Amino acid sequence: MNLLTQLRGLFEPVLAPLAPDPAKLADYLGMIRPAANPDHGDYQANFAMPLAKAAGKKPPELAKEVIAALPANEVVESAAVAGPGFINLKLKSDFLAAAVRGIATDPKLGVPPADPPRRFVIDYSSPNVAKPLHVGHLRSTIIGDALTRILRFQGHTVVTDNHLGDWGTQFGMLIYGYRNFLDKAAYEADPVRELARLYVHVRNQFRKGDDEDEGPTDDPVKKACQEETARLHRGEGDNVALWREFMPHCLADLHTVYDRLGILPFDFEHGESFYDPMLSGIVDRLIATGTAVVSQGAVVIPNAAGRVPATPDELAKEEPPALVRKRDGAFTYTTSDLATVDYRVEHFRPDAMLYVVDFRQALHFKTFFAQARRMGYDRVELTHISFGSVLGPDRKPKRTRDGGVEELLPLVSEATAAALAKYEANAAERRSFGHEVPELGDAEKRAIADVIGVGAIKYADLSQNRTSDYVFDADRMTSTEGNTAAYMQYAYARCRSIFREGGVDEARFRTDPPAVVLAEPAERALALQLLRFPEAVDAAAADYLPHLVTGYLWDLAKAYSVFFESCPVLKAPTPELRDSRLLLVDLVGRVIKQALDLLGIRVVERM
RNA sequence: GCGCCCGUAGCUCAACUGGAUAGAGCAUCGGCCUUCUAAGCCGAUGGUUGUGGGUUCGAGUCCCACCGGGCGUACCA
């Protein structure tokens with residue numbers, strides 16, 4: 001049940017004979033869309049202009065013909081030609097009322113099952129373990145989690161895989177730190193904490209301005225760490241044993257953060273170490289099939305033009321080749337990525353693989369996807385779900401290494417504290433106006449603040465187009481006004497409050513729904529908005545854009561606020577209207593709760 | 001140098017992928033609490049969509065040039 005699909009189905013038989021090219025029929029039907037301006041009706045159709053041009057007619061005339069040819073139906077109340085040839089569509093209120101009543105019994109609230117359902121592998125979060133998680137990791141995690149929930153809700157199969165950075169220099173640093181600076185008592189008491197201290201301590205031994213990258217260095221400490229890393233990779237000494245000892249602690253630390261944020265458990269956490277044993281086989285295969293060649297002692301895959309530019313001069317002119325084995329014999333991330341595709345295709349048989357990684361790796365994914373296709377993986381959709389940088393309030397990209405590392409957990413605490421303060425202030429203000437405000441226990445208050453605070457952080461991220469850069473402003477996101485999680489949660493709490501105050505059991509509205517009456521404009525607008533939920537889910541899933549769900553939520557919650565102000569529910573003029581409004585309120589609550597759940601955000605019964 | 005992305009109200013962002021008078025929130029100003037939660041609602045102010053051309057019935061959106069910013073450019077991931 002999707003209003004748009006239904007409308008398009010109505011127009012299809014009329015447009016089919018008019019479309020000059022049958023392949024373009026879908027395009028024309030796509031020009032039926034929600035009205036940009038509510039004054040123009042509920043939906044608008046914009047196909048008359050291009051269609052008239054192809055037919056050599058005037059758009060308004062063609063629009064009139066289309067309207068006249070429209071089959072009799074129970075959906076469209078009126079269709080009017082306006083402006084240069086727009087068709088403004090108004091839907092029948094009776095139809096809307098019946099449709100709303102129809103979704104009341106649907107656990108999926110009108111969202112149809114995906115047809116056909118697809119199998120996805122989504123790769124997201126992918127932090128370097130043993131380093132503190134900072135705000136830069138937030139976006140991939142939150143966006144990937146939301147996409148997983150959205151696609152699963154549609155009925156797709158989603159395998160989630162956290163491609164951990166668990167085989168890099170940071171472990172050389174930990175091993176070096178363990179050997180030189182370990183506080184044994186502290187390690188036994190709280191290994192995670194001591195490892196974190198060691199990492200930072202070793203990092204501080206590096207010369208100023210030096211980073212952790214591989215490559216030649218004359219920094220003695222960095223060199224020592226690199227040597228420990230190399231020994232780990234070669235399986236020498238007890239480095240592997242130490243790595244095995246550290247890993248569970250690092251993972252436990254990571255999962256603490258995920259739990260705090262309410263991130264779905266990953267199906268797999270196959271990190272770099274998992275794929276390491278497969279890398280040499282991949283390179284051998286690439287060479288054997290002629291996909292890769294040896295160049296300057298390294299093994300590379302030529303670029304899309306089939307060339308291997310190597311000199312700075314050549315590299316200035318064209319796309320670089322992909323390095324799969326370095327001169328020193330070590331493998332690269334490209335090798336690892338190809339091994340990952342290989343493994344996933346064999347084990348999960350996906351229709352699509354999504355990589356939720358920031359936009360700076362766009363070139364890498366472009367070339368890596370091309371290489372994967374050349375290796376024979378040309379039947380699986382490979383998509384880079386790119387997102388913008390996390391910027392500080394100064395609009396400069398937030399960086400881990402620029403000193404001020406912004407860790408995640410303190411930030412979550414800050415957000416929940418702000419939510420708690422807001423609750424107290426709000427309760428005090430309500431009391432000063434003589435309202436009865438229930439005195440909640442500390443535990444309940446903290447639970448509410450937790451849901452709102454975590455929701456604020458996620459919503460602030462998800463409500464932006466993911467391709468934009470993202471200014472991380474703690475004050476703004478924990479604000480409770482406007483298009484924020486708190487506004488949606490508040491709307492939900494108001495829905496629940498009506499049932500609580502009225503002592504009404506909502507079960508009846510979900511199993512045996514009463515007739516719906518749409519008398520007031522606010523009721524009609526709300527019903528229309530409720531019926532658009534499937535459109536929003538479709539759109540968000542089609543382009544992997546969670547902000548289309550928040551945009552929908554914002555419209556729905558606003559429509560509910562207007563309804564809430566103008567339409568008494570418990571004291572409705574007639575029992576029929578009371579029942580009808582109760583059904584609407586119950587449905588609004590369910591849709592808000594479901595839509596927020598698609599974003600990984602929880603709700604509270606009161607706030 | 002070459003390539004990718006971005007530039008929309010004072011600030012933060014939308015604009016359903018070429019549709020009607022470019023919309024929200026914050027901030028500012030004004031109004032609404034003896035009626036289901038005022039974390040709310042109603043209203044006002046605020047724009048040459050970086051600049052200049054072009055394409056067409058129609059451009060924030062597509063093309064070209066320029067200005068400004070970010071990022072990337074095989075042996076970091």
Side-chain angles (χ1 to χ4, degrees), chain A residues 30-31 33-34 36-37 40 44 46 49-50 52-53 59 82-86 88 126 128 165 168-169 211-215 272 295-298 300 303 308-310 315-328 330 332-334 336-337 357-364 366-367 386 388-389 391 395-397 419 422-423 425-426 429-430 433-437 452 463-465 467-469 471 473 476 479-484 486-487 489-491 493-494 497-502 535-536 539 543 545 547-548 551 554 558 561-562 564-566 568-571 585 606-607:
Chain A
M31 292 179 188
R33 56 182 53 173
N37 181 340
H40 297 145
Q44 64 181 54
N46 304 335
M49 282 81 82
K53 191 170 182 179
F86 297 102
N88 291 334
S126 310
N128 285 321
T169 319
D211 57 28
E212 289 160 29
D213 292 350
E214 298 286 350
E272 293 165 347
S295 162
Q296 306 193 356
V300 302
N303 66 18
V308 183
L315 285 164
K317 286 198 189 97
E318 58 181 320
E319 211 168 79
L323 198 74
V324 291
R325 195 171 69 202
K326 300 193 272 187
R327 249 201 304 270
D328 65 6
T332 69
Y333 53 96
T334 299
S336 177
D337 279 339
V357 181
D358 79 85
F359 77 105
R360 287 174 295 186
Q361 295 191 34
L363 178 60
H364 164 62
K366 188 184 161 201
T367 55
S386 167
S389 297
L391 308 178
R395 291 210 70 99
K396 293 261 172 65
K422 183 74 184 178
Y423 173 83
N426 180 50
E429 195 194 346
R430 302 300 304 143
F433 276 103
H435 293 269
E436 274 188 45
V437 179
I452 294 170
S463 58
Q464 277 193 50
N465 187 326
T467 59
S468 315
D469 284 349
V471 175
D473 183 332
R476 198 187 301 278
S479 143
T480 58
E481 290 165 346
N483 186 8
T484 62
Y487 184 96
Q489 289 162 328
Y490 182 64
R494 280 170 136 188
S497 157
I498 289 175
F499 281 86
R500 195 168 51 241
E501 291 300 308
E535 287 173 26
D543 292 324
L545 291 172
H547 85 285
L548 297 179
W554 174 231
K558 271 192 296 191
S561 286
V562 173
F564 188 89
E565 300 284 329
S566 59
V569 178
L570 295 172
K571 293 179 181 168
V585 171
R606 65 176 102 207
M607 61 188 278

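Just so you know, these numbers come straight off a predicted model, no measurement behind them. First the proteins, then the strands, lettered A, B, ... as listed; each starts at 1. Below, all heavy atoms of this structure are taken into account, side chains as well, without hydrogens, waters or symmetry copies.
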Visitor: Please tell me whether A:Y490 and A:T480 have a donor and an acceptor in their side chains that are separated by less than 3.5 angstrom.
Guide: no

Visitor: Say we look at B:rU55 and B:rA65: how far apart would their C1' atoms be, to the nearest angstrom?
Guide: 15 Å

Visitor: OP1 or OP2 of B:rC26 sitting under 4.0 Å from any side-chain N/O of A:Y487?
Guide: no

Visitor: List for me each residue that meets side-chain contact (heavy atoms from CB on, under 4.5 Å) alongside A:P59, sequence neighbours excluded, and say none if there are none.
Guide: A:M49, A:A52

Visitor: For the C1' atoms, the ones on B:rC57 and on B:rG72, what distance do you get once it is rounded to whole angstrom?
Guide: 41 Å

Visitor: Using a cut-off of less than 4.0 Å, is there contact between a side-chain N or O of A:R494 and OP1 or OP2 of B:rA38?
Guide: yes

Visitor: Between B:rG40 atom C1' and A:H435 atom NE2, what is the distance in whole Å?
Guide: 11 Å

Visitor: How far does the P atom of B:rU49 sit from the matching atom of B:rG23, given to the nearest Å?
Guide: 13 Å

Visitor: What is the distance, to the nearest angstrom, from the CG atom on A:D358 to the P atom on B:rC6?
Guide: 15 Å

Visitor: Return the nearest nucleotide to the side chain of A:H40; candidates are B:rA77, B:rA20, B:rG19.
Guide: B:rA20

Visitor: Indicate the atoms forming the closest heavy-atom contact of A:S386 with A:T467, along with that distance.
Guide: O-CG2, 4.2 Å

Visitor: Using atom names, set out every protein N or O paired with an N or O of nucleotides 12-17 of chain B below 3.5 Å, distance rounded to 0.1 Å.
Guide:
unit_1, atom_1, unit_2, atom_2, d
B:rU12, OP1, A:R395, NH1, 3.1
B:rA14, OP1, A:N465, N, 3.0
B:rA14, OP1, A:S468, OG, 2.7
B:rA15, OP1, A:H547, NE2, 3.1
B:rU17, OP1, A:R33, NH1, 3.3
B:rU17, OP1, A:R33, NH2, 2.8
B:rU17, OP2, A:R33, NH2, 2.9

Visitor: Would you kindly give the CD-to-P distance between A:E481 and B:rA24, to the nearest whole Å?
Guide: 17 Å

Visitor: Apply side-chain contact (heavy atoms from CB on, under 4.5 Å) to A:E436 and list each qualifying residue two or more places apart in sequence or on a separate chain.
Guide: none

Visitor: So for A:N88 and B:rA20, does any side-chain atom that can act as donor or acceptor lie under 3.5 Å from a complementary atom in the base?
Guide: yes

Visitor: List in chain and number order the residues that pass side chain to side chain donor-acceptor pair (under 3.5 Å) with A:S295, two or more places apart in sequence or in another chain; answer none if no residue qualifies.
Guide: none

Visitor: In whole Å, I'd like the distance from the CZ atom of A:R360 to the C1' atom of B:rG3.
Guide: 17 Å

Visitor: Determine, step by step, whether A:E272 and A:Y333 satisfy the side-chain contact (heavy atoms from CB on, under 4.5 Å) criterion, reporting the C-alpha distance in whole Å, the side-chain angles of both residues, the deciding distance to 0.1 Å, and the verdict.
Guide: CA-CA 9 Å; A:E272 293 165 347; A:Y333 53 96; over 6 Å; no

Visitor: A:F86 stacking on B:rG19: centroids under 5.5 Å, ring planes under 30°?
Guide: no

Visitor: Hey, which sits more toward the 5' end of RNA chain B by its nearest nucleotide, A:S479 or A:V562?
Guide: A:S479

Visitor: Evaluate the salt bridge (Lys or Arg N to Asp or Glu O under 4.0 Å) criterion for residues A:E565 and A:R494: first the C-alpha distance (whole Å), next the side-chain angles of each, then the deciding distance (0.1 Å), finally the verdict.
Guide: CA-CA 11 Å; A:E565 300 284 329; A:R494 280 170 136 188; 3.8 Å; yes

Visitor: What are the two closest heavy atoms between A:N465 and A:H547, and how far apart are they?
Guide: CA-ND1, 3.7 Å

Visitor: For the side chain of A:D358 and the backbone of A:R360, is there at least one donor-acceptor N/O pair under 3.5 Å apart?
Guide: yes

Visitor: Which nucleotide in the set B:rG19, B:rA77, B:rA74 lies at the smallest distance from any side-chain heavy atom of A:M49?
Guide: B:rG19

Visitor: Does a side-chain N or O from A:K558 land closer than 4.0 Å to OP1 or OP2 of B:rA24, or not?
Guide: no

Visitor: Under the salt bridge (Lys or Arg N to Asp or Glu O under 4.0 Å) test, which residues partner A:R327, sequence neighbours left out?
Guide: none

Visitor: A:F359 CZ to B:rC5 P: how many Å, rounded?
Guide: 11 Å

Visitor: Does the side-chain ring of A:H364 sit on the six-membered ring of the B:rA77 base, less than 5.5 Å centre to centre and under 30° in tilt?
Guide: no

Visitor: For A:N483 and B:rG25, what is the distance between atoms CG and C1' respectively, to the nearest whole Å?
Guide: 7 Å

Visitor: Need the glycosidic conformation of B:rU73: syn if within 90° of 0, anti if not. Which one?
Guide: anti

Visitor: In whole angstrom, give the distance that lies between atom CD of A:E565 and atom C1' of B:rG40.
Guide: 6 Å

Visitor: Let's test your reading of the pairing rules: Watson-Crick or G-U wobble, both distances under 3.5 Å, then write RNA chain B as a dot-bracket string with ( ), [ ], | and dots.
Guide: (((((((..((((.....[...)))).(((((.......))))).....(((((..]....))))))))))))....

Visitor: If you assign each of A:R430 and A:R327 to its closest nucleotide in RNA chain B, which residue comes earlier from the 5' end?
Guide: A:R430

Visitor: Round to the nearest Å and state the distance from A:L323 atom CG to B:rA74 atom P.
Guide: 10 Å

Visitor: Please report the closest heavy-atom contact between A:L548 and A:A536, naming both atoms and the distance.
Guide: O-CB, 4.2 Å

